[in-house]
Structure formats: C-alpha cells, structure tokens
Number of protein chains: 2
Amino acid sequence: MKADERRELVLRAATQVFGERGYVGTTTDAVAKAAGVSQPYVVRIFGTKEALFLAVLERALERLLMAFRTALAGDADAVTAGEPGESHHRIGAAYAELLSDRGLLLSLMHGFILGSDPEIGARARAGFLQVYRFLREEAGMSPDEVHSFLAEGMLLNTLVGLRMAADYDRDPAARELLDTALPTKLDFLLSLEP
Amino acid sequence: MKADERRELVLRAATQVFGERGYVGTTTDAVAKAAGVSQPYVVRIFGTKEALFLAVLERALERLLMAFRTALAGDADAVTAGEPGESHHRIGAAYAELLSDRGLLLSLMHGFILGSDPEIGARARAGFLQVYRFLREEAGMSPDEVHSFLAEGMLLNTLVGLRMAADYDRDPAARELLDTALPTKLDFLLSLEP
DNA sequence: GTCTATACCCAGATAGAC
DNA sequence: GTCTATCTGGGTATAGAC
C-alpha cells in the first residue's frame, strides 16, 4: 500500500480513537491496532503523537466545512428550483449527518477544550473561527444565527460525548432531552449505541 | 490541618488542574504541587486518581446546583417584591457567574466528553441529567427552554475551554462571536486571560 | 514501506518513617 | 497527617533489520 493510502487509513482510525478517549488518553498503540499496523509505524508516519492529533483535527475541519459547502450548494440549487429550504436548515441537516462519524466531532471537541495547550489550542481556536467565518460569510448567517447554530452544535457534541443515548430508555429525563434536542436523527443516533 | 480541610484544599486545586489539562492529562503530582502537598498524599486521601476526579465532578455539580438554587431563591424574593426578573434570567446570570471558576465548568466538560469511560461516563451522564431535572422541575422551565439553556451553556463552556478570549482583540471574528455570546460578563472573562 | 526489539521516561501507587 | 524513597507498569520514540 502507498504512503498516502496508509496515512488516510491511520487518520481514520486515529479519529475514532481520539474521539473516544481524548488526546492524552489515546495511545499510539491503540491507534496502530485500530489501523492494523505497528505502533512505531504510526509514529513514523506522523513524527509525533501530537502531530498525529493535529492532522486529525485538520482533516476533521476539512470534512466539516466540506459537508457544509455541499449542503450550501444543494441549497442554492433548491432556491433556483423554487424550493423552500433555507441555508441554515440545510447546514443544520448536514451537521446532524456528521453525527454518524462520532469520532470526527468528538476529536474536534477534545481539541476545543484543550485551549491552553500551545499547539493544539492554537489550532483548535483557529479551526473554530474558520467555521464561524464560513457560517457568517459563505452561509450568510447573522451573528445571532451563528451563535444559536454553534450553541446547538456544542450541545449535540456534548450529548454524543456523554453517550446520552445509552440512557434513552432508562431515564425519562434523558428521553425528553434527546427528543427535544434531536427531533430527527434520533433513531440513527440510538443505533450507534452498543 | 484537619483531614476535611486538606481534602477541600486538594479538591479545589484538582478542579483547576483537571479543568486545564483534562482527566488523563492531569498528573496527581501537578495536583499535589497546586495544593502544596506531596504527590503520595493526594493519592492517600482519595485512593486513586479516578476517585479524585469523581470527587471533583461531585463537588462541581453540587456547587453548580447550589448556585442555581440560590439564584432561584433570590428570584422568588424578587417575584414577591413585584420585581420583573424571571427564573431563567436569574439562573442564566448565575451560570455566567460560575465562569469565574473556569476549572469547575471545564472539569465538568472534560467529564462530559468521556462518556465511554465506565465510571466517569456514568457519573457524568447522571450529573447532566441531574441538572436537566433541576431546570425542568425546580426552575420550572419547559423542555425547549431547558434545551436552549443547555445549548447556550455548552457553547460558553467550549469558548472558555478554547481560551477564545485570548483572540478577542487579535481576530474580528472572535470579537464578534464573544460579543454575541457574552453580552455581559465579557470584560470579566477577558480579565482571566494571561 | 513496514516490522521487531528496545531504550527511556514518566506517572500512579505502595512502603514505611516521622 | 504528612513526608521521602521507591517499585512498577505502560507509553513514546528510536534503532535497525527485512
């Protein structure tokens, strides 16, 4: 297998593991096992564990923005065709779609709360602002709309991180909360639980 | 010094460090140094690092609910006195107040995204639902109101975790975002940055 | 391009003195 | 109650073979 393919393979595996256990909690060995390669080889490809995590963040942000752009483009088509959908509905749906890659959003989330780390924090802040600017400038949302959208997103991320769906039919409060927060996409989210 | 005082002292220090570096990223030695005691003594008091973190979560949730209850009580007084304030405004203000203890909210946040951990995840979910029930039952919010309140809270936590305020006067997007998300309390938040 | 073997360090926990 | 000294495990990174 070529270097680029292996790299992408490892990045995919790393995204899952980092999302599950966080930056520090993840061992390069766990990533290696998930990718089916040896631990030293993971290090060899990326240099250090930190560089690997930064690459994961990079890729996650690319994918996030890509998904939003696609949703936005589909929206333009819909508008042209005289259909009702508005930008932020489409983009919101795109975000819900991303929940399927739990590792992607959770890896980002783990990066977000490590703001005091010199390298990771800097990249995480820049990434968050990149998303902010996209929503403001390309998606044309107002500051208040972006604010609500991001708040909604952070709650969804947190609920996914909490594995709240595991309590869906064990606790009425969990059920009510999830029903309110995820009017659609709920059955899908529940299907992710073990 | 008595055991209880030391315990509280260490818990306070631990809350700060866990909030900064997360559960796995925190060493018991860093906590010990922050508390001014020896590393083995920290372990001695709580048994294990995990037990220490669980105690930090416990204490953080207690304080959070305490702050909400106090706000709610003040609200009842205000209502009696014929003043305008509504429950969720007061409670929202109480939450903003809590931002002063960055470690408290961030330790909770770190717990929230470790939902897959058997012990920590279980406690974090239970704690989150405890807050949910308080807002529904004691504060009398509707499901939608709780949902919005929690979304807002998760965004604030994330912005604090990101140290977004550090970019306030370096990046117009950061400024706009913080101005929107924190109409009040902003100067205070900024004063926390190094 | 990928592995095995291993060096080295660091962190959590224990033993035991004061 | 609190410390110093230390054992032990596990994790990143390197060396070097194939």
Side-chain angles (χ1 to χ4, degrees), chain A residues 1-58 103 107 110-111 114 116-121 123, chain B residues 1-58 103 107 110-111 114 116-121 123:
Chain A
M1 191 178 283
K2 291 210 174 72
D4 277 4
E5 297 174 67
R6 271 286 185 240
R7 194 187 149 89
E8 173 62 18
L9 188 76
V10 172
L11 276 178
R12 247 202 300 270
T15 302
Q16 289 311 115
V17 185
F18 277 125
E20 192 90 355
R21 308 194 208 168
Y23 169 56
V24 191
T26 294
T27 67
T28 53
D29 191 53
V31 172
K33 288 213 166 63
V37 298
S38 71
Q39 178 269 328
Y41 190 45
V42 170
V43 175
R44 175 70 81 103
I45 298 176
F46 296 93
T48 65
K49 173 175 148 176
E50 187 180 60
L52 169 60
F53 187 62
L54 289 171
V56 164
L57 289 185
E58 209 74 41
S107 288
H110 279 288
L114 289 180
S116 60
D117 180 282
E119 323 287 328
I120 295 172
R123 188 65 194 90
Chain B
M1 191 178 282
K2 294 209 174 71
D4 277 5
E5 297 175 66
R6 271 285 185 242
R7 193 187 150 89
E8 173 61 21
L9 189 76
V10 172
L11 276 178
R12 249 201 301 269
T15 301
Q16 289 312 115
V17 186
F18 278 125
E20 192 91 355
R21 308 193 208 168
Y23 169 56
V24 191
T26 294
T27 66
T28 53
D29 192 54
V31 172
K33 287 212 168 60
V37 298
S38 70
Q39 179 268 330
Y41 191 44
V42 170
V43 175
R44 176 69 83 105
I45 298 175
F46 296 92
T48 65
K49 174 175 146 175
E50 186 180 62
L52 169 60
F53 187 62
L54 289 171
V56 164
L57 289 185
E58 208 75 40
S107 288
H110 279 288
L114 290 180
S116 59
D117 180 283
E119 323 287 326
I120 296 172
R123 188 66 194 91

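Since this is a predicted model, take the numbers as computed values, not measurements. Residue numbering restarts at 1 for every chain, and letters A, B, ... go by the order of the sequence lines.
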Considering only distance and modelled atom types, tabulate donor-acceptor pairs under 3.5 Å from the side chains of residues 39-46 of chain B, sequence neighbours left out.
residue, atom, partner, partner atom, Å
B/Gln39, NE2, B/Thr28, OG1, 3.2

Notebook entry, point to check: Who pairs with A/Glu119 by salt bridge (Lys or Arg N to Asp or Glu O under 4.0 Å), at least two apart in sequence or on another chain?
Noted result: none
Check: Rounded to whole angstroms, how far apart are CZ on A/Phe18 and P on D/dG11?
Finding: 13 Å
Please list every donor-acceptor pair under 3.5 Å in which a side-chain atom of residues 9-25 of chain B meets a protein atom from a residue at least two apart or in another chain.
residue, atom, partner, partner atom, Å
B/Thr15, OG1, B/Leu11, O, 2.7
B/Glu20, OE1, B/Arg163, NH2, 2.9

Notebook entry, point to check: Quick one: salt bridge (Lys or Arg N to Asp or Glu O under 4.0 Å) partners of A/Asp117, sequence neighbours excluded?
Noted result: none
Note to self: Ignoring hydrogens, what is the shortest heavy-atom contact between A/Leu57 and A/Ser107? Give both atom names and the distance.
What the structure shows: CD2-O, 3.6 Å
Note to self: Rounded to whole Å, please give me the gap between CZ in A/Phe46 and P in C/dG1.
What the structure shows: 13 Å
Next item on the list: Measure the CG-NE2 distance between B/Leu114 and A/His110 for me, rounded to the nearest 0.5 Å.
Entry: 5.5 Å
Next item on the list: Output every pair passing salt bridge (charged side-chain N to carboxylate O under 4.0 Å, His left out) with a member in residues 25-35 of chain A, not counting sequence neighbours, ordered by first then second residue.
Entry: A/Asp29-A/Lys33
Next item on the list: Any chance you could list the contact pattern along nucleotides 5-18 of chain C? Use B for base contacts, S for sugar-phosphate-only contacts and - for none, protein heavy atoms under 4.0 Å, 5' to 3'.
Entry: B-----SBBB-B--
Next item on the list: List for me each residue that meets salt bridge (Lys or Arg N to Asp or Glu O under 4.0 Å) alongside B/Glu58, sequence neighbours excluded, and say none if there are none.
Entry: B/Arg123
Check: Which ones in residues 1-10 of chain B lie close to DNA chain D, meaning a heavy atom under 4.0 Å from one of its atoms?
Finding: B/Met1, B/Ala3, B/Arg6
